[in-house]
Visitor: 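Take a look at this one; I'll ask things after.
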Amino acid sequence: MVLLTPGQPPPDDYYRANFQEVLDFVSTCYDSALQRCDRRYMAAFREVPVTAQRLLVRLFMRRGPLFRMDKLAYPEVGDTTVAVASLVDAGLLVRHPATAADRVLGLLTRQELIQQFPFSAAQLGRAVRRGELEAAILAANTDRRLRAQLATYITWLELNGGRSLERLLLLCFGTTRQDLSAFVLRDLGMQRYETYPLGHAGGFADAATVDRHLAISALEDWLPRLPHITGLHVALLGRLSQADEFRPTERRRSRLLNELGRWHERRGDPDRALACYGISRRHPARERCVRLLRRRNCAGDLAAADALLEAMQAAPWCAEEQTFASRQGGKGRRQAAPATACLPMSDPGLEFTAGAVERMALRELAAGGAWGIHVENALPLGLTALAYWDVLFAPVAGAFTNLMQNGPHDLFQEDFAHVRRSVIDLCRRRLRMLDDPGALLLRRLEAKSGIACALCNWRVLSPEAVGRIVAAMPRSHLLDLVDTVIEAPYRWRTGFPDLFVVHASGGYEFIEVKGPADQLQPQQRAWFDRLHRLGLHASVRRYHA
DNA sequence: GTCCATATGG
DNA sequence: TTCACACCCTCCG
DNA sequence: GAGGGTGTGTCTCCATATGGACTG
Ligand SMILES: [Mn+2]
Ligand SMILES: [Mn+2]
């Protein structure tokens, strides 16, 4: 059933109904995480006429935070003025809020600015850039005066709900990355979603958890402004200093700390960098600490670095950390170098744009009668999803707490396999009992293709590609590959060789293509090591200048 | 008139 | 808002 | 060549409209 068609107007009540779905979901599943003001907001929304509700939801989907009333025209709303009046009366919209004048000026085009402020424009000449004109206008007038003048030209509006909308959307989707447009994608048929067992236990437990998550998320927007605002880093660190008990929030917090630490490193402030990494709980914080301590080399630094390495080896946060620790600790077992073919480039004038070397390699291989595709990580991840689909969407406490999820919340957490031990084992035994697991994968592909899945890139996982893969890979190779990934999706999510190739002989091979200035990265080494141990065919194809 | 970034909407 | 890589550097055998 | 550091392209769905900056 297709609800929407691109270019065709949706049903009159379409967008409003989407928001209603959000409200229904949140009231049903997350009533305990709502604040009093959120409930008031929802009540106010219910009270206004349907046409006003429709307009408000249209505004939810637009950029904001200010809107020009003369730019609002929706057939399903009817008279915009009437709807706006209802919304203003209900306190859902504010008319002419005392916003900083530069925000209001931003609603006018360059042409309109010249019209409205002919004096400033005349002083700067006809070729004046928009930004300069705006600056001149701001310099010549007080905010108050500017707003008074602009109010005679346009009506501007602002959403008035505090952060209630943000909280409702976060409770609905469980992430700040999705918003109401997810409904549109779903109803266009762009995304389908698996039906999974919803349970709100393990999601946001209370209003405070929601607010902490939003507060941490909001800090992300400040990172790019670090170089321009003095003292910003102090404020950020202050807000990030408290570890969070809610896992998704803690994850973001630590990620931000790592970024802040990198920024300090780059500007040559190892002490502050260490302070950031020191309270982060995510890779690569401890690796950075070891490097920084060794470089700084003040009294006790080397011993501290060694102690840290020992802690990492004793209880690594993830596989990458473990690799780092054993290497730095000098106990790194030297991995056998993967089979490598060194060749001259068939196209010496090649421009090194994205994917160019891989395409060249595919052309050469095709000339030798081989078939191949450039899929990288999408291959092992996608095959694993097809093989272990039921594990991905298995009912696990806290894994599915929101609408339109593309997988369990904990897919990339270290204990993914641990908490699914029995269902993985059961699924593996079933796979191993099949004579032709490839056939199952193809049936799954047919059934599930297009369903949003964090491990699946359906564009590269075509029936042809999967067909070629399962036809060329021996049964045991296929099973060993997916068994590897399902045991540690986070560890094996990156570093897989570039190409899947079926040679003219019928034999398959995974090939990592390397240009003259490229080399195997640690994650790629880890995959080669694993593939080698399992007896899967993989090699490096290196081009020299 | 071209090129580009951004906003919008199905 | 990630992953892979181009391009730069130093160190070392 | 190994290994580290830094910056970049590509991708989030696709088509269309708008506006700003630049060009000859
Ligand atoms: Mn690659
Ligand atoms: Mn490569």
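Values in this document were obtained by computation on a predicted structure and should not be read as measured data. Chain letters run A, B, ... following the sequence lines, proteins first, then strands; residues in each count from 1.
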Visitor: Rounded to whole Å, how long is the line connecting atom CD of A/E376 with atom P of C/dA4?
Guide: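 Those two atoms, CD and P, are 6 Å apart.
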
Visitor: Counting heavy atoms from C-beta on, name the nucleotide in D/dC13, C/dC5, D/dG4 closest to the side chain of A/Q191.
Guide: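 Among the listed nucleotides, the one closest to the side chain of A/Q191 is D/dC13.
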
Visitor: Tell me, please, whether A/Y490 has A/R493 positioned over its six-membered ring: NZ or CZ under 6.0 Å from the ring centre and within 45 degrees of its axis?
Guide: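 Yes, a cation-pi geometry holds between A/R493 and A/Y490.
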
Visitor: Which nucleotide, if any, forms a Watson-Crick or G-U wobble pair with B/dC4, using both distances under 3.5 Å?
Guide: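 Paired with B/dC4, as far as the under-3.5 Å criterion goes, is D/dG19.
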
Visitor: Tell me whether A/R286 forms a cation-pi arrangement with A/W317, defined as NZ or CZ under 6.0 Å from the six-membered ring centre and within 45 degrees of its axis.
Guide: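 Verdict for A/W317: a cation-pi partner in A/R286.
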
Visitor: Tell me: CG of A/D12 to C1' of B/dG9, nearest whole Å?
Guide: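 Computing the A/D12:CG to B/dG9:C1' distance gives 15 Å.
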
Visitor: Evaluate whether atom NE2 of A/H537 has more than 12 neighbouring non-hydrogen atoms of other residues, nucleotides or ligands under 6.0 angstrom away.
Guide: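 Counting other residues, nucleotides and ligands, NE2 of A/H537 exceeds 12 neighbours.
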
Visitor: Does atom CZ (A/R294) have a neighbourhood of more than 12 heavy atoms from anything else shown, all under 6.0 Å?
Guide: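 Yes, because the 6.0 Å sphere around CZ of A/R294 holds more than 12 heavy atoms from other groups.
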
Visitor: In whole Å, I'd like the distance from the CG atom of A/L520 to the C1' atom of C/dC3.
Guide: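 Whole-Å distance recorded here is 15 Å.
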
Visitor: Any donor and acceptor pair, going by atom type alone, linking the side chain of A/S254 with main-chain N or O of A/R252 inside 3.5 Å?
Guide: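 Not at all, since once roles are kept as given, no pair shorter than 3.5 Å links the two residues.
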
Visitor: Taking everything shown except A/W222 itself, do over 12 heavy atoms lie less than 6.0 Å from its CH2?
Guide: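 Open.
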
Visitor: Of the candidate nucleotides C/dC5, C/dC3, D/dT12, which contains the atom at the shortest distance from the side chain of A/N377?
Guide: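 Nearest nucleotide to the side chain: C/dC3.
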
Visitor: For B/dT8 and D/dG5, measure between their C1' atoms and round to the nearest Å.
Guide: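 Nearest-Å result for B/dT8 against D/dG5 at atom C1': 40 Å.
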
Visitor: Can you check whether A/Q521 has a side-chain N or O nearer than 4.0 Å to OP1 or OP2 of C/dA6?
Guide: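 Indeed not, no polar side-chain atom of A/Q521 lies that close.
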
Visitor: Please determine whether the number of non-hydrogen atoms from other residues, nucleotides or ligands lying under 6.0 Å from atom CZ of A/R267 exceeds 12.
Guide: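 Count over threshold, so yes.
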
Visitor: Rounded to the nearest 0.5 Å, how far apart are CG of A/L56 and OG1 of A/T51?
Guide: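 If I round to the nearest 0.5 Å, the distance is 11.5 Å.
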
Visitor: Using a heavy-atom cut-off of 4.0 Å across all strands, would you classify A/R255 as base, sugar-phosphate, or nothing?
Guide: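 Here A/R255 touches the backbone only, sparing every base.
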
Visitor: Taking only the side-chain nitrogens and oxygens of A/R493, find out if one of them lies under 4.0 Å from OP1 or OP2 of C/dA4.
Guide: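 No, no such contact exists.
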
Visitor: Taking only side-chain nitrogens and oxygens of A/Y74, does any of them come within less than 4.0 Å of OP1 or OP2 of B/dG9?
Guide: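 Yes, because at least one side-chain N or O of A/Y74 sits under 4.0 Å from OP1 or OP2 of B/dG9.
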
Visitor: Please check the phosphate of D/dG5 (OP1 and OP2 only) for any side-chain N or O of A/R291 closer than 4.0 Å.
Guide: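 The answer is yes; a side-chain N or O of A/R291 sits under 4.0 Å from OP1 or OP2.
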
Visitor: Flag the pair A/F510 / A/F528 as yes when their ring centroid distance falls below 6.0 Å, and as no otherwise.
Guide: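 Judged by ring-centre distance (under 6.0 Å), A/F510 and A/F528 do not meet the cut-off.
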
Visitor: Calculate the interatomic distance between A/M404 atom CE and D/dC13 atom P; express it in whole Å.
Guide: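 Distance check: A/M404 CE to D/dC13 P gives 14 Å.
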
Visitor: Give me the distance, rounded to whole Å, that separates C/dT2 from D/dA15 when you measure between the P atoms they each carry.
Guide: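 Rounded to whole Å, the distance is 27 Å.
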
Visitor: Rounded to the nearest 0.5 Å, how far apart are CG of A/L411 and SG of A/C453?
Guide: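 Taking CG in A/L411 and SG in A/C453, the distance rounds to 7.5 Å.
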
Visitor: Using a heavy-atom cut-off of under 4.0 Å over every strand shown, decide if A/F67 touches base, sugar-phosphate, or nothing.
Guide: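 Here A/F67 touches no strand at all.
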
Visitor: Quick one: A/R459 CZ to D/dT10 C1', roughly how many Å, whole number?
Guide: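 Nearest whole value for this atom pair: 11 Å.
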
Visitor: Please give the nucleotide sitting opposite D/dT12 as a Watson-Crick or G-U wobble pair, both distances under 3.5 Å, or none.
Guide: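 Looking at the geometry, D/dT12 pairs with no nucleotide.
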
Visitor: Distance between the P atoms of D/dG4 and C/dT1, in whole angstroms?
Guide: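 25 Å, rounded to whole Å.
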
Visitor: Nearest nucleotide by nearest heavy atom, which residue falls closer to the 5' end of DNA chain C, A/Q523 or A/A517?
Guide: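 Closest to the 5' end, via its nearest nucleotide, is A/Q523.
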
Visitor: Can you tell me the distance, in whole Å, between the CD atom of A/Q524 and the C1' atom of C/dA6?
Guide: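 The distance from CD of A/Q524 to C1' of C/dA6 comes to 14 Å, rounded to the nearest Å.
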
Visitor: At under 4.0 Å, does any side-chain N or O of A/R251 touch on OP1 or OP2 of C/dT1?
Guide: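 No, no such contact exists.
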
Visitor: Distances under 3.5 Å between protein N/O atoms and the N/O atoms of nucleotides 6-9 of chain D, please, pair by pair.
Guide:
unit_1	atom_1	unit_2	atom_2	d
D/dT6	OP2	A/R262	NH2	2.7

Visitor: Rounded to the nearest 0.5 Å, what separates atom OG in A/S539 from atom CD in A/E509?
Guide: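 Going from the OG atom of A/S539 to the CD atom of A/E509 covers 3.5 Å.
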
Visitor: Nearest whole Å is fine: how far is D/dG5 C1' from A/R267 CZ?
Guide: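 After rounding, the gap between these two atoms is 18 Å.
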
Visitor: Between B/dT8, C/dA4, C/dC5, which nucleotide has the shortest distance from any of its atoms to the side chain of A/R62?
Guide: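 So the side chain of A/R62 is nearest to B/dT8.
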
Visitor: So if I take every side-chain heavy atom of A/R177 and compare against C/dT1, D/dG3, D/dC14, which nucleotide ends up nearest?
Guide: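 Looking only at heavy atoms from C-beta outward on A/R177, the closest nucleotide is C/dT1.
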
Visitor: So, using ring pair (Phe, Tyr, Trp, His ring centres under 6.0 Å) as the criterion, who are the partners of A/F400 when residues are at least two apart?
Guide: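 Applying ring pair (Phe, Tyr, Trp, His ring centres under 6.0 Å) to A/F400 gives A/Y196, A/F393.
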
Visitor: Once you apply a heavy-atom cut-off of 4.0 Å, does A/Q178 come out as touching a base, just sugar-phosphate, or nothing?
Guide: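 Nothing: the residue A/Q178, judged by heavy atoms under 4.0 Å, touches no strand.
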
Visitor: So if I define the base as every atom that isn't primed, P, OP1 or OP2, how would nucleotides 19-24 of chain D read as a B/S/- string at a heavy-atom cutoff under 4.0 Å?
Guide: SSSS--

Visitor: Scan A/G515 against the nucleic acid and name what it touches under 4.0 Å (heavy atoms): base, sugar-phosphate only, or nothing.
Guide: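 Touches nothing.
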
Visitor: Taking N and O atoms by type only, does the side chain of A/Q519 place a donor or acceptor under 3.5 Å from a partner on the base of D/dG1?
Guide: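 Side chain to base: no pair below 3.5 Å.
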
Visitor: Atom CG of A/D179 and atom P of D/dT12: how far apart are they, to the nearest Å?
Guide: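 Whole-Å distance recorded here is 17 Å.
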
Visitor: Over all strands shown, is A/E287 touching base, sugar-phosphate only, or nothing at heavy-atom distances under 4.0 angstrom?
Guide: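 Result for A/E287 = nothing.
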
